[in-house]
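Worksheet: one structure, shown below.
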Protein chains: 4
Amino acid sequence: MNAAPDPSRRSERARVAVLDAALALCRESGLAQLTIEGIADRAGVSKKTIYRWWPSKGAVLLDAVADLASRTALHGDTGDLAADMAAQLNNVVEIISPQDTSPVAALVAEGQRDPALAASIREQMIMPSIAGFEERLRSAQRVGQIPENADFGVALDLFYGPIYHRLVYRLGLPDEDEIRTRVDHVIAGLRAMG
Amino acid sequence: MNAAPDPSRRSERARVAVLDAALALCRESGLAQLTIEGIADRAGVSKKTIYRWWPSKGAVLLDAVADLASRTALHGDTGDLAADMAAQLNNVVEIISPQDTSPVAALVAEGQRDPALAASIREQMIMPSIAGFEERLRSAQRVGQIPENADFGVALDLFYGPIYHRLVYRLGLPDEDEIRTRVDHVIAGLRAMG
Amino acid sequence: MNAAPDPSRRSERARVAVLDAALALCRESGLAQLTIEGIADRAGVSKKTIYRWWPSKGAVLLDAVADLASRTALHGDTGDLAADMAAQLNNVVEIISPQDTSPVAALVAEGQRDPALAASIREQMIMPSIAGFEERLRSAQRVGQIPENADFGVALDLFYGPIYHRLVYRLGLPDEDEIRTRVDHVIAGLRAMG
Amino acid sequence: MNAAPDPSRRSERARVAVLDAALALCRESGLAQLTIEGIADRAGVSKKTIYRWWPSKGAVLLDAVADLASRTALHGDTGDLAADMAAQLNNVVEIISPQDTSPVAALVAEGQRDPALAASIREQMIMPSIAGFEERLRSAQRVGQIPENADFGVALDLFYGPIYHRLVYRLGLPDEDEIRTRVDHVIAGLRAMG
DNA sequence: GTCTAAACGAGACGGTACGTCTAGTCTTTCT
DNA sequence: AGAAAGACTAGACGTACCGTCTCGTTTAGAC
């Protein structure tokens, strides 16, 4: 049995260097150049150190992207659902950019070949985000901006869907105006079906 | 200089065997097991033959998926936009399934590490599909099912977006009822914003 | 069963072109560049044609070298054994040269990986040559230049051996003076042991 | 820039396994079956490890043969030149055997397609052996067994030549009696010409 | 301030797949 | 029917990364 490593003795320098290297390599050269060996070289860290703390290249990327995302406040509540959703989706687009060497797109692609990673992504990134999103919808219901019987699943699909459709097919991420237009359509649809 | 191979002498047997093997391997074991060597073995074909006719594993997969998609009639026009879009999206979901070892998801993931492949996917699969989609919308406009000034970009994002959001985050592809609900919401939104 | 090809319909142009190409490629670039494909290209001949008439690349080379050797008179008999042997060995050295890209060395190397070829070389080139050599020795015995009981096997080894030792280890082929010196030593040895 | 590997960290187990596998494969199946992949498989070693420490398959074989040869004492000096040379040549024949799948013959054949290897063979195997041989001849001169003016080049050619002539043409390696007969002839020739 | 155990960098290891090359076979088209 | 052209199966080539495993060398916490 391998003894688990002692987190209290972990080198913060190495941890940060690995995450920075992962993001930088991904941004510079895309997913194809993102290898454990490349990250280790760039970070000045041994492969062993990476494997000690992360189970896979995707896990490194997830940590790096999570770090990135955690620096952005999510699902604020100003009382104006349309404005809040537009702001939120703009944040998401910013994190995802640039489209061609997006760390998030890379993470998603890695998820395709690593089901365990896909589960981690869902649990650590997507589900919390959905929870915040639904909380915001409930708030909107309380002030009557959307109907009491609005379908949250539909709302999730229609608010977030466009971004990922465009991301995976590289159709150009929506700009602020496009996001606002879509948000208005979705809210209009939710109200019309209420 | 490498002479280009002569397509008129191409072996149809080998071509079909490669595409079949690619799809089968992808369905059985997912993207991680989809290698050129694996395809060659399964197809009873030499690697050389694959490299002669396709530039990459992703290109094989694109051909295979395109073959698959071409056997499904797309964007029919019965006069009922909601019914037609629901039918169309159900077709797309069927092609994409099963989610965990979806050839389309694999293709999309490959596109992340191969920009040339991403461009091919866009040109050969996505753009023609969008053209058919817009043609269908124009037809709906002519019979007054959606407003004259409906935003086709919004419609594209909202109709197709949900599928890909769910696909990349493995949230479970929508079933027929879910698709119908979303189609109705989108059309309601288009009308409300008209 | 494959019908044997009909030699009467064989293209002399193709046959000559193949042998010439084999020798030329061997001389220019050494054995590593001597491939069936390379010969076919250089000769303007299809690979099929080569495989139709020769079982292997070594067989082509054997034919080519045999052609070469046949243009040199072997084991003449002027009555002076030492002079005749020196002349003969000089002929051999000339056929073998240049050492670095010697077709004969290439042929010998091919023989190592193809026992059937090795047998062909022995039967078609070596054994006839040995027969001629022994005939010459018998002639020398008749005129008393070497003892009646001289060991022909020893003579063969000592006359021909040096050339091949130097060839395989690239020690520099003997020049005319060196050959003459060795011939004299061998004959001296044969006489001394007689 | 490729960093050179660090010899102090080299795995002795891997080194020995590779050399053993190379010799075994060569002996069992001949040069045609001797591939880097085959050696790696047989040795339970990765191809990378072979390529890390040897530039080519021939270099592996050279190391293996050199190992083999180093376990045989060469050019001993009992005071009797004929006996010593016969013993030495018997050693050489033993190392070379079996003729049909001789590692030495394979090495020589490889040398034909790889001039760098041929140079290595000459420097690491042949030249040291020649030096030892000439030292033995000098010793024989000191005790008057061969003339002061004996031609060492002739001696080298006539002592060693027969073995290689027979090897490359697969004429059957000389047995102990044949070797002794030839040694005696050569010494007789050297004395007669002194 | 040692001492010591663990995390570190470096990198060799057994593997798998890559994309390329040549061998030898087979098929098509031309003469 | 033989020849030129060239696509085919087969498999070795040499390379890149994978994930594991030593090595010595820091380095941080316990003494």
Side-chain angles (χ1 to χ4, degrees), chain A residues 2-3 5-11 13-14 33-41 43-53 55-57, chain B residues 2-3 5-11 13-14 32-41 43-53 55-57, chain C residues 2-3 5-11 13-14 17 32-38 40-41 43-53 55-57, chain D residues 2-3 5-11 13-14 17 32-41 43-53 55-57:
Chain A
N2 274 345
D6 177 350
S8 75
R9 306 198 49 177
R10 182 170 184 181
S11 160
R13 177 189 62 67
Q33 304 309 321
L34 189 71
T35 63
I36 296 273
E37 303 223 323
I39 296 171
D41 271 9
V45 140
S46 88
K47 286 163 63 178
K48 178 83 181 204
T49 297
I50 297 182
Y51 283 110
R52 176 147 44 220
W53 300 111
S56 67
K57 146 172 78 172
Chain B
N2 275 344
D6 178 349
S8 74
R9 308 195 49 178
R10 183 169 184 179
S11 160
R13 177 190 61 70
Q33 304 311 318
L34 189 70
T35 64
I36 296 272
E37 303 221 324
I39 296 171
D41 272 9
V45 140
S46 87
K47 286 165 63 179
K48 178 83 181 212
T49 296
I50 298 181
Y51 284 110
R52 177 151 41 225
W53 299 111
S56 65
K57 142 174 78 172
Chain C
N2 274 346
D6 177 352
S8 73
R9 307 196 50 174
R10 182 170 184 181
S11 159
R13 181 191 61 70
Q33 304 309 319
L34 190 70
T35 63
I36 296 273
E37 305 226 322
D41 271 10
V45 139
S46 86
K47 285 164 62 180
K48 177 77 181 205
T49 298
I50 298 182
Y51 284 111
R52 178 149 38 224
W53 299 111
S56 67
K57 147 172 75 173
Chain D
N2 274 345
D6 177 351
S8 74
R9 307 193 48 180
R10 184 168 185 180
S11 160
R13 178 189 60 70
Q33 304 310 319
L34 190 69
T35 64
I36 296 273
E37 302 221 325
I39 297 171
D41 272 10
V45 140
S46 86
K47 286 164 63 178
K48 177 77 182 214
T49 296
I50 297 181
Y51 284 111
R52 178 151 39 223
W53 300 111
S56 65
K57 142 174 79 174

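Below, chains carry the letters A, B, ... as their sequence lines are ordered, and counting in each starts from 1.
- Residue contacts for Thr35(A): at a heavy-atom cut-off of 4.0 Å it reaches the sugar-phosphate backbone alone, with no base atom in range.
- Taking only side-chain nitrogens and oxygens, Arg10(B) never comes nearer than 4.0 Å to OP1 or OP2 of dA7(F).
- A donor-acceptor contact shorter than 3.5 Å is absent between the side chain of Lys47(C) and the backbone of Ala40(C).
- Within the structure, every side-chain polar atom (N or O) of Arg52(C) is placed at least 4.0 Å from both OP1 and OP2 of dC26(E).
- Side-chain N/O atoms of Arg13(C) include none lying less than 4.0 angstrom from OP1 or OP2 on dT31(E).
- A residue-by-residue look at Asp6(D) and Ser56(B) shows that Asp6(D) has its nearest nucleotide of DNA chain E further toward the 5' end.
- Residue Trp53(B) has its side chain nearest to dA7(F) when only dA12(E), dA10(E), dA7(F) are considered.
- Distance NZ (Lys48(B)) to C1' (dC13(F)): 13 Å, rounded to an integer number of Å.
- Taking only side-chain nitrogens and oxygens, Ser46(B) never comes nearer than 4.0 Å to OP1 or OP2 of dC8(F).
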Summarise protein proximity over nucleotides 23-31 of chain F in one line of letters, 5' to 3': B for base, S for sugar-phosphate only, - for none, counting protein heavy atoms closer than 4.0 Å. ----BB---

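- Closest approach of Ile36(C) and Ser56(C) over heavy atoms only: CD1-C, 4.4 Å.
- Across dC8(E), dA12(F), dG14(F), the shortest atom-to-atom separation from the side chain of Ile36(D) is found for dG14(F).
- Each of Thr49(D) and Tyr51(B) was matched to the nucleotide of DNA chain E holding its nearest heavy atom; the match closer to the 5' end belongs to Thr49(D).
- Counting any heavy atom pair closer than 4.0 Å across all strands shown, Gly44(B) reaches sugar-phosphate atoms only and no base atom.
- Checked against dC8(F), dG19(E), dC13(E), the side chain of Lys47(B) finds its nearest nucleotide in dG19(E).
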